[in-house]
Amino acid sequence: MKEVATKKMNGAESLVRTLVAGGVEVSFANPGTSEMHFVAALDKVDGMRCVLCLHETVTTGAADGYYRMTGKPASTLLHLGPGLANALANLHNLKRARSGVVNIVGEHATYHLRHDALLTSDIQAIAHTMSHWVRTSSPETSVAKDGADAISAASEPPGHVATLILPANVAWSEAEGPAGTNPAPMPAQVSDASIESAARVLKGEGRVLIMLGTRALREDALLQAGKIAAKTGARISAEGTNGRLQRGAGRVAIERMPYPVATALETTRGVTHIILVGARAPVAFFAYPGKPSLLYPPEAEIITLAAPCEDVLDALEQLAERVGASKSTPILNSRHRPDLPSDALNPSSIGAVLCNHLPEHAIVADESVTTGRNFFKDTHGAAPHDWLSLTGGAIGEGLPLAIGAAVACPDRKVVALEADGSGMYSLQAIWTIARERLDVTICIWANRSYAILKGELAGLGAGIGGRRAQSMLSLADPPLDWVKLAAGMGVEGARVTSAEEFADVFGVAVRRKGPFLIELDLSS
Ligand SMILES: Cc1ncc(C[n+]2csc(CCOP(=O)(O)OP(=O)(O)O)c2C)c(N)n1
């Protein structure tokens, strides 16, 4: 246990000192009155970078991006129940990404609660919906110890949501001093029986799909999976949406489960066995009349090699050994430089530009929705990069994820691929990107509609919709001016209307340091 020196201080300071000593070095914050002692403590303690976010959904999305890139929890700072409520959509995405966070929520002073002041709510109840661990500090116990326990809870493999509720009088009252923290727990080893079952299936007759998620999508684990596939003829696939996938030239070639049910079913037709490695068996995003929920043949046998909380890399290494694949040669992506397009701005010309110009070791925060449905395929041969996607389906995380990734990895270029409708959910993130001078290139796909929902309207058998239904899916009137929106928040930008122009502007933007926004006019 890491010990920390003690001196006279209040609860807030003892908590901040505990967080810093426990490796929580960034706070994505949107404070209010009840959090003022926490805010004041930030000046008394070195080592905590405080990033102001102008809406709570930005704080949790940023904490998610930070965890995905560092494997370390950040903290948030939220204002009572309503602040937490605003943060929930991206807390949901964070939880689905299996990221960890120390989610700190201010609360009224304990003696004030009985008066039911305006901002009073049942914070515990709100928190439980999206947290693995919830605790309210009290004047009778040690807030520093609560903070240390929250760090341990957040660090549970592969990452958990730990919500610590901090009453104002606990924050301002004298406290014992910081508490020591335990090292982050290691993921558990998988059992030999799990390795054996997977090996048996791979050596058998059936058609095997190895479904990879979470830690299995890092370069080293993917290499093992690629070797196993090469040796046994099994196919590998990533889940449909993934917290962090290391891909691009020189890395193992891998597809991901497609979003449309019919396309996904095509890819699993005839599969007899699915081996799960840090992943779940694939299910459709939604139910559709007359279509199945499972994206694989229901008679297929499901074998779990490693759960996301287990040591996925070690499991794959052991399995590779067991099936004699350790020295096999996996299929790797080769560098592809498609001709730069001179035609119209459309998904395929954009994909070609991305494949050409994504800088080496870029981090892609992808919330492209329909425009980007093929970007993943289009960029297999791009320079090596990390791909972060929307894991929980709650739109409005792309820009916040970019903040977290850029804070986590200041030496890497972050590229946010953002659909215009989704971007409007957490627009405020652009201000934080400017204020923190983060190295983020933002591409906005301005199709001025909720294009995906037009397809869903038909896909659900609800028809193509009349004037009112169609107007619910249109963002055309008034048209959003993203270049002006960005300028209003301190970020320079440009609008492009042709593929050539995009190639030029994107090529320059990713090679210079600092924020830049490109609006791609896809409305025609
Ligand atoms: C929090 C949340 N609210 C609403 C939705 C429903 N929804 C899914 S996609 C979508 C519109 C997306 O539009 P846009 O981001 O512009 O992408 P496009 O469909 O045009 O490609 C909406 C409203 C959601 N997924 N999450």
Side-chain angles (χ1 to χ4, degrees), residues 55-62 64 84-97 126 129-130 240-241 258-261 263 283-288 345-351 354 364-378 388-402 416-430 442-460 462 464-465 468-482 485-486 495 517-524:
H55 188 280
E56 292 84 348
T57 201
V58 179
T59 67
T60 40
D64 187 10
L84 174 59
N86 278 346
L88 284 184
N90 276 335
L91 199 58
H92 162 82
N93 288 324
L94 178 154
K95 190 165 174 239
R96 287 282 172 180
I126 301 170
T129 59
M130 306 279 180
T241 65
Y259 175 85
V261 173
T263 324
V283 298
F285 241 75
F286 297 105
Y288 299 87
L345 203 49
N346 57 39
S348 84
S349 59
I350 296 169
L354 294 177
V364 175
D366 176 30
E367 192 170 42
S368 287
V369 199
T370 47
T371 305
R373 206 157 263 173
N374 287 325
F375 289 169
F376 191 82
K377 275 193 194 312
D378 295 339
L388 321 185
S389 49
L390 181 67
T391 46
I395 56 173
E397 202 191 17
L399 298 173
L401 270 183
L417 308 181
E418 189 61 52
D420 53 358
S422 300
M424 285 303 287
Y425 279 63
S426 46
L427 182 68
Q428 301 88 333
I430 296 174
I442 304 166
C443 300
I444 301 286
W445 319 130
N447 62 10
R448 311 201 194 290
S449 76
Y450 282 171
I452 190 172
L453 297 185
K454 294 184 178 169
E456 299 286 353
L457 195 66
L460 281 158
I464 55 160
R468 283 195 203 134
Q470 286 296 340
S471 88
M472 294 301 292
L473 311 180
S474 169
L475 312 183
D477 182 19
L480 293 158
D481 186 330
W482 281 91
L485 290 169
R495 179 175 302 110
L517 180 143
I518 308 169
E519 175 182 335
L520 289 86
D521 185 350
L522 300 169
S523 56
S524 50

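Worth saying up front: this structure is predicted, and the values here are computed from it rather than measured. In each ligand, atom 1 is the first atom listed, and ligand 1 is the first ligand listed.
- Salt bridge Glu519/Arg448: present, at least one basic N to carboxylate O contact under 4.0 Å.
- The side-chain heavy atoms of Cys443 and Leu520, taken from C-beta on, include a pair separated by under 4.5 Å.
- With ligand atoms numbered from 1 in the order given, ligand 1 contributes 18 (P), 20 (O), 21 (O) to contacts under 4.0 Å with heavy atoms of Asn447.
- Under 4.0 angstrom from ligand 1, the non-hydrogen atoms of Ser422 come from both its backbone and its side chain.
- Between the Asn93 side chain and the Gly392 main chain, a donor and an acceptor come within less than 3.5 Å of each other.
- Using a 4.0 Å cutoff on heavy atoms, Tyr425 counts as a contact of ligand 1.
- For ligand 1, the atoms sitting less than 4.0 Å from at least one non-hydrogen atom of Gly393 are 24 (C), 25 (N), 26 (N), numbered in the order shown with element in parentheses.
- Counting the atoms of ligand 1 from 1 in the order shown, those under 4.0 Å from a heavy atom of Ala451 are 18 (P), 19 (O), 20 (O).
- Nearest non-hydrogen protein atom to atom 19 (O) of ligand 1 is Ile452 N, 2.7 Å.
- For ligand 1 and Gly421, the ligand atoms under 4.0 Å from any heavy atom of the residue are 14 (P), 15 (O), 16 (O).
- When hydrogens are left out, the protein atom nearest atom 13 (O) of ligand 1 is Tyr450 CD2, 3.3 Å; that is the closest non-hydrogen contact.
- One N or O on the side chain of Asp420 and one on the backbone of Asn447 form a donor-acceptor pair closer than 3.5 Å.
- Glu397 places no side-chain N or O within donor-acceptor distance of the main-chain N or O of Leu390, the cut-off being under 3.5 Å.
- Of the possible polar contacts, none joining the Asn90 side chain to the Val58 backbone as a donor-acceptor pair under 3.5 Å is found.
- What you find for Ser426 and Gly396 is that their closest heavy atoms are OG-O, 2.8 Å.
- The presence of a protein heavy atom under 4.0 Å from atom 24 (C) of ligand 1 is confirmed.
- Atom 21 (O) of ligand 1 has its closest protein heavy atom at Thr370 OG1, 2.3 Å.
- Scanning the protein heavy atoms around atom 22 (C) of ligand 1, the nearest turns out to be Ile395 CD1, 3.5 Å.
- Residue-ligand proximity: Gly396 is placed with every non-hydrogen atom at 4.0 Å or more from ligand 1.
- Listed for the Ser422 side chain is no donor-acceptor partner under 3.5 Å among the backbone atoms of Ile395.
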